[in-house]
Amino acid sequence: MKNSIESEGQITESRRGFFTKVGITLLGVSALPFLGNFAGSVALANELPAYRLKDKKMLRYHGEKPLTAETEIYALDTDFTKPENFFIRNNGEPPSMDKIKARMQKGWTLEISGESVKEPKTYTLDELKKKFKHYTYALTLECGGNGRGEVIPSTKGTQWGYGAVACGRWTGVRVRDVLEDCGIKDNAVYIGYYGIDIKLTGEEESPISRGVPIKKALEDETLIAWSYEGKDIPWINGYPLRLVCGGYPASASGKWLSKIVVRDKIHDGAKMLTSYKVPVEPVRPGDFNYKGEMRIIESMPVKSIITNIKNEDKIKAKKEFEVRGKAWAGELEVDEIYVSVDYGVTWIKGEVQKPVNRLAWQKWSTKVKIPTKGYYEIWARAVDSEGKSQPMVLAQWNPNGYLNNACHRVNVMGV
Ligand SMILES: Nc1nc2c(c(=O)[nH]1)N[C@H]1C(S)=C(S)[C@@H](COP(=O)(O)O)O[C@H]1N2
Ligand SMILES: [Mo]
């Protein structure tokens, strides 16, 4: 375990050979006949960049500073996202493994403070583990900008395809248990997190310090976690401690967690002012000058991905084949899934499994046929427990390109 964490912290050289073999034939992403879900910035890159992390090979890298990479959708076919396939989104410079280890030698600490805490306390990681009951939940984390690569007119920010999402089993203690141990004042409205990463400029300041409403913080599934899929959290995903708030934009889940503050107002940390907000009233696509009221994104909208078929796959015509994937709906559940092979003219209803627990993504599958040889697209559309469906196109353009939950589609060749 020690080795896997350490090696992740090392950046290795690009190996063109790896991607040539695996990339072109297996990933099949080199040429897309439609402005598909992978129109993102590196969709056409045919080698892994030099700055990639050694253990994160199934990722599509978007940028080095800050380091960002999304998961190839087919790597999300497993029930839970493997640690090595967990996407990467940084806002600043992650702490080096040396820096983390130096802190751990003294005992990694988590401070609980803020104006709405009765008795501020600092716990070591060992104390957290000893003092509070442990819980494990599978939780879906999706970047608020997932899908931005397809937003038209395009907006600033990482041009994500649909792979900035992960779901796996996190183990830790409940935020509620820890906050109650310190005492929560009646005027508490929000929590905020701090990690030990710093700004890209090198200033020793948090590049991001967000949080969630106190109600969300006190839910059963909101965790202070030290383990992901039965192992230490991968270095780049927040080792050794992370706040995990499933169903909300993943920006609410603070990595390399060192402090939680309980606030008597909406937290005002870095990236709380304009980021992860959408207009309250719909704006005309392309209106970058919108100055109206904005709301903080909370529960993420319903979404689904097709994980067992890749773009350019060859499919036997007139023969049933399985289409499967994952679906999630923020704080809600997914009730229904539909698949179309004719651009939404007709839909075939699939089966959606119950989530293993609240806020976990759900497996779905169905069988479909393509009637002839030739070019087809397979579309998937999920419907949440309030009857809201995924739209076919971006539901509401917004200046930061958030919340694109348009149907995922994959193109195939009938043979
Ligand atoms: N400390 C810290 N926490 C953070 C971030 C960060 O830059 N620093 N990025 C946030 C954002 S915007 C996202 S989408 C997720 C990404 O988590 P991952 O890198 O484990 O995929 O972490 C969130 N928590
Ligand atoms: Mo994000």
Side-chain angles (χ1 to χ4, degrees), residues 5 8-9 53 55-56 58-63 65-71 75-76 81-96 99-100 103 108 110 139-149 155-160 162-168 170 191-200 204-212 223-225 227-229 232-261 267 269-272 274-278 296-297 300 400-404:
I5 294 284
E8 272 192 353
L53 301 186
D55 293 348
K56 298 264 194 188
M58 306 270 261
L59 300 194
R60 181 172 306 209
Y61 285 80
H62 282 277
K65 292 213 175 277
L67 185 63
T68 50
E70 70 179 275
T71 313
L76 298 173
T81 311
K82 293 183 182 167
E84 64 268 28
N85 292 338
F86 206 107
F87 74 100
I88 302 168
R89 190 339 184 185
N90 292 305
N91 288 267
E93 195 62 62
S96 69
K99 183 173 172 183
I100 293 172
R103 270 183 95 105
W108 185 275
L110 174 68
L139 300 166
T140 309
L141 295 189
E142 180 185 15
C143 178
N146 194 26
R148 185 187 287 125
T155 68
K156 278 194 197 139
T158 305
Q159 298 298 300
W160 300 111
Y162 267 20
V165 62
C167 179
W170 294 89
I191 65 161
Y193 68 74
Y194 291 88
I196 66 159
D197 48 338
I198 62 170
K199 287 194 165 165
L200 282 180
E204 296 271 335
E205 245 176 74
S206 291
I208 184 168
S209 170
R210 294 186 53 84
V212 293
L223 298 180
I224 296 165
S227 163
Y228 178 75
E229 285 294 298
D232 288 347
I233 300 170
W235 163 66
I236 200 66
N237 303 110
Y239 176 81
L241 201 61
R242 182 170 193 170
L243 176 66
V244 189
C245 305
Y248 268 45
S251 52
S253 294
K255 306 193 280 186
W256 311 291
L257 184 68
S258 59
K259 181 160 79 171
I260 293 176
V261 286
H267 184 54
K271 299 236 168 176
M272 282 298 288
T274 55
S275 303
Y276 307 99
K277 286 185 174 177
V278 288
I296 300 174
I297 301 167
M300 292 292 285
N400 289 317
Y402 294 126
L403 304 184
N404 178 9

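What you see is a predicted model, and the numbers here were worked out from it, not measured in a lab. Just so you know, ligand 1 is whichever comes first in the structure, and atom 1 is the first atom listed for that ligand.
The Y276 neighbourhood of ligand 1 comprises atoms 12 (S), with distances under 4.0 Å to a heavy atom of that residue. The ligand atoms of ligand 1 that sit less than 4.0 angstrom from a heavy atom of I88 are 19 (O), 21 (O). Which parts of ligand 1 touch N90 is read off a 4.0 Å heavy-atom cut-off, strictly below it: atoms 7 (O). Each of the atoms 18 (P), 19 (O), 20 (O), 21 (O) of ligand 1 lies under 4.0 Å from some heavy atom of N237.
Ionic pairing of K65 and E93 is present here: one or more N-O contacts between side-chain nitrogen and carboxylate oxygen are shorter than 4.0 angstrom. A salt bridge is absent between E84 and K56; no separation between the charged side-chain nitrogens and carboxylate oxygens falls under 4.0 Å.
Between F86 and W170, the ring-plane angle classifies as perpendicular under the 30° and 60° cut-offs.
Residue-to-ligand polar distances keep W256 apart from ligand 1: every N/O pair is separated by 3.5 Å or more. In terms of N/O distances under 3.5 Å, ligand 1 is not approached by G195.
The residue from C143, A252, P95, A250 that puts a heavy atom closest to atom 13 (C) of ligand 1 is A250. Atom 11 (C) of ligand 1 has its nearest heavy-atom neighbour, among A164, S251, G92, A69, in S251. Across K271, R242, E142, K255, heavy-atom proximity to atom 15 (C) of ligand 1 is greatest for R242.
Residue contacts with ligand 1: Y193 is included, with a non-hydrogen atom under 4.0 Å away. G254 counts as a contact of ligand 1, since one of its heavy atoms falls under 4.0 Å from the ligand.
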Show your working on side chain to side chain contact (heavy atoms under 4.5 Å, CB included) between N400 and Y276 and close with a plain yes or no.
-> CA-CA 8 Å; N400 289 317; Y276 307 99; over 6 Å; no
R242 and W256: side chain to side chain contact (heavy atoms under 4.5 Å, CB included), yes or no, with the steps?
-> CA-CA 6 Å; R242 182 170 193 170; W256 311 291; over 6 Å; no
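For atom 21 (O) of ligand 1, the closest heavy atom belonging to the protein is F87 O, 2.6 Å. The protein non-hydrogen atom at the shortest distance from atom 24 (N) of ligand 1 is S253 O, 2.9 Å. Given atom 7 (O) of ligand 1, the protein heavy atom at minimum distance is N91 N, 2.8 Å.
Pairing each heavy atom of I88 with each of L67, the nearest pair is CG2-O, 3.5 Å. Residue E142 comes nearest to V165 through the heavy atom pair CB-CG2, 3.8 Å, listed as atom of the first residue, atom of the second, then distance.
Under 4.0 Å from ligand 1, not a single heavy atom of E70 appears. With a 4.0 Å heavy-atom cut-off, ligand 1 is reached by the side chain of I208 but not by its N, CA, C or O. Looking at W160 against ligand 1, nothing comes within 4.0 Å, counting heavy atoms. Neither the backbone nor the side chain of P207 comes within contact range of ligand 1; no heavy atom lies under 4.0 Å. Contacts with ligand 1 closer than 4.0 Å are made by side-chain heavy atoms of D197 only, the backbone lying farther away.
Side-chain contact between S253 and Y248: absent, with no pair of heavy atoms (C-beta onward) separated by less than 4.5 Å.
Note: L257 CG to Y194 OH = 12.0 Å, rounded to the nearest 0.5 Å.
By the 6.0 Å contact criterion, NZ on K277 is enclosed, its count of non-hydrogen atoms from other residues, nucleotides or ligands being greater than 12.
The closest side-chain donor-acceptor pair between N91 and K271 falls under 3.5 angstrom.
Not a single donor-acceptor pair under 3.5 Å links the side chain of R89 to the backbone N or O of E70.
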